[in-house]
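Working notes for the structure below.
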Protein chains: 2
Amino acid sequence: MATKPDARRRVEAGQCDAYDPSCPSRPLLDRLADKWVVLLLSALADGPLRYSDLARIVGGVSQKMLTQTLRVMERDGLVSRRVTPSVPVRVDYGLTPLGWTLMPLMYAVKEWSEVHVEEVEAARATYEADL
Amino acid sequence: MATKPDARRRVEAGQCDAYDPSCPSRPLLDRLADKWVVLLLSALADGPLRYSDLARIVGGVSQKMLTQTLRVMERDGLVSRRVTPSVPVRVDYGLTPLGWTLMPLMYAVKEWSEVHVEEVEAARATYEADL
DNA sequence: CTGGATCCACACCGATACTG
DNA sequence: CAGTATCGGTGTGGATCCAG
C-alpha cells in the first residue's frame with residue numbers, strides 16, 4: 001500500500017494527467033477504453049470464469065480478441081490466470097484486487113449503455129431528421 | 001421521462017444486454033468505449049467549452065478526431081453544440097442532461113487510470129520479468 | 001479445451017491543405 | 001476560429017488452420 005498514496009499525491013500535484021499525451025496514464029486509458037475490456041471485466045464481476053465461459057457470455061468475441069484482451073489485462077494486473085493441468089487443460093480467469101477496483105466503473109458503463117440506449121437512439125433519430 | 005422506465009424494464013427483463021452483439025446497446029458501448037469520448041466528457045464536467053479550449057485541454061487530439069468525436073457525441077445526444085454567429089464564429093460545446101448522467105462514469109475511468117497507473121506499470125514490469 | 005499463428009481486408013487516425 | 005476534404009500509413013480484428 002505504498003504506491004497508492006504516492007500516485008494520489010502525484011495526481012493531486014498534477015504530475016499525472018491523462019489529458020497529457022506524454023503521461024503514462026494516457027496509453028493506459030487507451031487500453032481500458034475498449035469494448036472487450038468493459039465486457040470482460042463486467043463478466044468477471046460474479047467470480048472467476050473459464051475461457052470457454054467467457055467466450056459464451058461475451059457474444060461475438062473472436063478467439064483472437066478474447067485471448068489478446070485477456071493477455072493485456074493479465075499483463076496490466078487486472079485479471080489473474082490460473083491453469084489447472086488436467087486433460088483437457090482448464091484455465092480460470094478472475095479479477096485481481098486491482099481489477100476489482102476497476103470492475104465497478106466498467107460495469108457502470110455497460111449498464112449505462114443498456115439503460116440509455118433508447119434515449120440515444122431517439123437522439124440519433126432526431127439528429128437525422130434535422131439534417 | 002417515459003423512455004427511461006421502459007428501458008430499465010427491458011434491461012431487467014433481459015431484453016437489452018450488451019453481452020448480446022445483436023443488441024443495440026453493443027454498438028453504443030463500442031462508441032462510448034473510446035479514449036477521446038472519455039477525455040472529452042471529462043473535460044466538459046466543469047461547464048461548456050469552446051472548440052479551441054477542448055483542443056488545448058485534451059492534448060494530442062487531432063482536429064479530425066476532435067471534430068469527429070464531438071459529432072458522434074452530439075448525434076448520440078451526449079453533448080450540445082451552440083454556434084454564436086460572430087466574426088470569427090464561436091462554437092460552444094456542453095453536456096446535455098443525458099451526457100451529464102454519463103460524465104461521472106467516464107470521469108471515474110479517467111481518474112482510475114491516473115491513480116492506478118503506477119500499480120499497472122509495476123504489474124507490467126513483473127509480467128515481463130516472469131517471461 | 002485453450003489457445004498460438006497466419007493472412008488480409010478494412011477501418012481508423014494523423015498529417016496536410018484548404019475554406020467560410 | 002472552427003471546421004471540411006483528402007490521402008496514405010498503420011493497426012485492428014475476423015477468419016481460418018493448427019497444436020499441446
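Here the structure is a predicted model, which is why all the values come from computation and not from measurement. Every chain is numbered from 1, with letters handed out A, B, ... down the list of sequences.
- Between A:Arg81 and C:dT2, a side-chain N or O to OP1/OP2 separation shorter than 4.0 Å is absent.
- Heavy-atom minimum distance, A:Ser80 versus A:Thr96: N-CG2, 3.7 Å.
- Taking each heavy atom of B:Leu28 and A:Ser113 in turn, the nearest pair found is CD2-O, 3.5 Å.
- Rounded to the nearest 0.5 Å, atoms CG (A:Leu40) and OH (B:Tyr19) are 8.5 Å apart.
- D:dG11 atom P lies 13 Å from atom CD of A:Gln68, rounded to whole Å.
- Side-chain atoms of A:Arg71 lie closest to C:dG4 of the nucleotides D:dT4, C:dG4, D:dA2.
- Nearest heavy atom pair, residue B:Asp92 against residue B:Arg50, reads OD1-CG, 3.6 Å.
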- request: Any chance you could lay out the side-chain contact (heavy atoms from CB on, under 4.5 Å) test for B:Met103 and B:Leu44, step after step, and finish with the verdict?
  value: CA-CA 8 Å; B:Met103 181 274 292; B:Leu44 293 172; over 6 Å; no

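- Across all their heavy atoms, A:Ala33 and B:Lys35 have their closest contact at CB-N, 3.6 Å.
- Between A:Thr67 and A:Tyr51, some side-chain heavy-atom pair lies under the 4.5 Å cut-off.
- Proximity of a side-chain donor or acceptor of B:Arg26 to a complementary backbone N or O of A:Gly59 within less than 3.5 Å is detected.
- For the pair A:Tyr93 and C:dG3, the criterion of a side-chain N or O lying under 4.0 Å from OP1 or OP2 is met.
- Of the residues in residues 39-66 of chain B, B:Arg50, B:Tyr51, B:Ser52, B:Gln63, B:Lys64 come within less than 4.0 Å of DNA chain D through at least one heavy atom, sorted by number.
- Direction of the helix axis in the helix from C:dC1-D:dG20 to C:dG20-D:dC1 shifts by 50° between the two five-pair termini, rounded to 10°.
- Distance CG (A:Leu70) to C1' (C:dG3): 11 Å, rounded to an integer number of Å.
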- request: Apply the test side-chain contact (heavy atoms from CB on, under 4.5 Å) to residues B:Val117 and A:Leu29: give CA-CA distance (whole Å), side-chain angles for both, the deciding distance (0.1 Å), then the verdict.
  value: CA-CA 9 Å; B:Val117 61; A:Leu29 176 60; over 6 Å; no

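- Within residues 28-37 of chain A, no residue approaches DNA chain C, by heavy-atom distance under 4.0 Å.
- Straight-line distance from the CZ atom of A:Arg90 to the C1' atom of D:dG20: 19 Å, rounded to whole Å.
- Smallest separation of non-hydrogen atoms from B:Leu105 and A:Ala108: CD1-O, 3.6 Å.
- Within the 3.5 Å criterion, the main-chain N or O of B:Leu78 finds no donor-acceptor partner in the side chain of B:Asp76.
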